[in-house]
Peer 1: 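Quick one: the structure is below, questions incoming.
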Amino acid sequence: MLLTHEGRSPSVHPTAYVAPNATLCGDVRVGAGCRVLFGAVLTAEGGAVELGEGCIVMENAVLRGTRRDPLVLGRQVLVGPTSYLTGCRVEDEVFLATGSRVFNGARIGTRSEVRINGIVHLRTVLPADSTVPIGWIAVGDPARILPPEDHNGIWEVQKELDFPGYVFGLDRPGEGQSLMPAISERFGRSLGRHSNDHQI
């Protein structure tokens, strides 16, 4: 399904393949020889989604560009099934295995691997030829690659990256307070812009 969003429409190179039940919404550009498989969602939420030549996006992956950070894949990147990428830049020849997660403002260097259920956190810079092991978390700039049970080590770096401020423009709440009312209102208003989308 191809959808126009905020006056922008997807463009797909004639040599690319997009599965009939994949969804491309807004300023999405699919390069030569790419393959976008069944159930994948590529959505430009104010920032473009761009796939370089020969990229493969597997089943049920979600790729989201944001106003602050477009999503850009270099050449010959493989995004595994059920992976989630938002507002990040991935250089050439990167392998993102099943269930990988790459967050806003992250950059992944050439020939890197993020293995099954690996995470590259907000504003993290992963140098070329890096590996994030199965289920591990890369966090910070320069990246520290930590096991999931090292919550204190991850939080030590992650706290300074300011997820609520960077992604939602909100201050971290005080003790006993929640961000969710403000996130729900702000993010919901933004996502409401899809009510004007139309199928091509």
Peer 1: With sequence neighbours left out, write down each residue that passes ring-ring contact (aromatic ring centres under 6.0 Å, His included) with Phe103, or none if nothing qualifies.
Peer 2: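 Once residues adjacent in sequence are excluded, the partners of Phe103 under the ring-ring contact (aromatic ring centres under 6.0 Å, His included) criterion are His121.
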Peer 1: Show me the pairs that pass salt bridge (Lys or Arg N to Asp or Glu O under 4.0 Å) and involve residues 108-124, at least two apart or across chains.
Peer 2: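 Counting only pairs at least two positions apart or across chains, the salt bridge (Lys or Arg N to Asp or Glu O under 4.0 Å) contacts touching residues 108-124 are Arg111-Asp129, Glu113-Arg115.
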Peer 1: Of all residues at least two apart in sequence or in a different chain, which pass the side-chain contact (heavy atoms from CB on, under 4.5 Å) check with Ala32?
Peer 2: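 Testing Ala32 for side-chain contact (heavy atoms from CB on, under 4.5 Å), a comparison that skips the adjacent residues, returns His13, Thr15, Glu53.
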Peer 1: Does any N or O in the side chain of Arg186 come within less than 3.5 Å of the main-chain N or O of Ser184, such that one atom is a donor and the other an acceptor?
Peer 2: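 The answer is no, because no donor-acceptor pair under 3.5 Å joins these two groups.
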Peer 1: Are Thr23 and Thr43 side-chain neighbours, meaning at least one heavy-atom pair lies under 4.5 Å?
Peer 2: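 Sidechains of Thr43 and Thr23: no contact.
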Peer 1: Show me the donor-acceptor pairs within less than 3.5 Å that the side chains of residues 166-183 make with the rest of the protein, sequence neighbours left out.
Peer 2:
{"unit_1": "Tyr166", "atom_1": "OH", "unit_2": "Asp69", "atom_2": "OD1", "d": "3.2"}
{"unit_1": "Tyr166", "atom_1": "OH", "unit_2": "Asp69", "atom_2": "OD2", "d": "2.8"}
{"unit_1": "Gln177", "atom_1": "OE1", "unit_2": "Gly174", "atom_2": "N", "d": "3.1"}
{"unit_1": "Ser178", "atom_1": "OG", "unit_2": "Met180", "atom_2": "N", "d": "3.0"}

Peer 1: Please write out which residues are connected to Ile134 in a hydrophobic cluster, directly or through intermediates, given that two of Ile, Leu, Val, Met, Phe, Trp, Tyr count as joined at side-chain heavy-atom separations below 4.5 angstrom.
Peer 2: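 Taking Ile, Leu, Val, Met, Phe, Trp and Tyr as members, Ile134 shares its hydrophobic cluster with Ile116.
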Peer 1: Check the pair Val36 / Val12 against side-chain contact (heavy atoms from CB on, under 4.5 Å), numbers first and verdict last.
Peer 2: CA-CA 10 Å; Val36 179; Val12 178; over 6 Å; no
Peer 1: Determine, using the 4.5 Å side-chain heavy-atom cutoff (strictly less than), whether Ile56 and Val94 are members of one ILVMFWY cluster.
Peer 2: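 Per the 4.5 Å side-chain linkage, Ile56 and Val94 are not co-clustered.
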Peer 1: Between Asp92 and Arg75, is there a donor-acceptor pair closer than 3.5 Å when you use the side chain of the first and the backbone of the second?
Peer 2: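 Looks like yes, one N/O pair under 3.5 Å.
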Peer 1: Sequence neighbours excluded, which residues qualify as salt bridge (Lys or Arg N to Asp or Glu O under 4.0 Å) partners of Arg67?
Peer 2: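 Glu6.
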Peer 1: State, yes or no, whether a side-chain contact exists between Pro10 and Ile200 at a heavy-atom distance under 4.5 Å.
Peer 2: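 A side-chain contact exists here, since the closest heavy-atom pair is under 4.5 Å.
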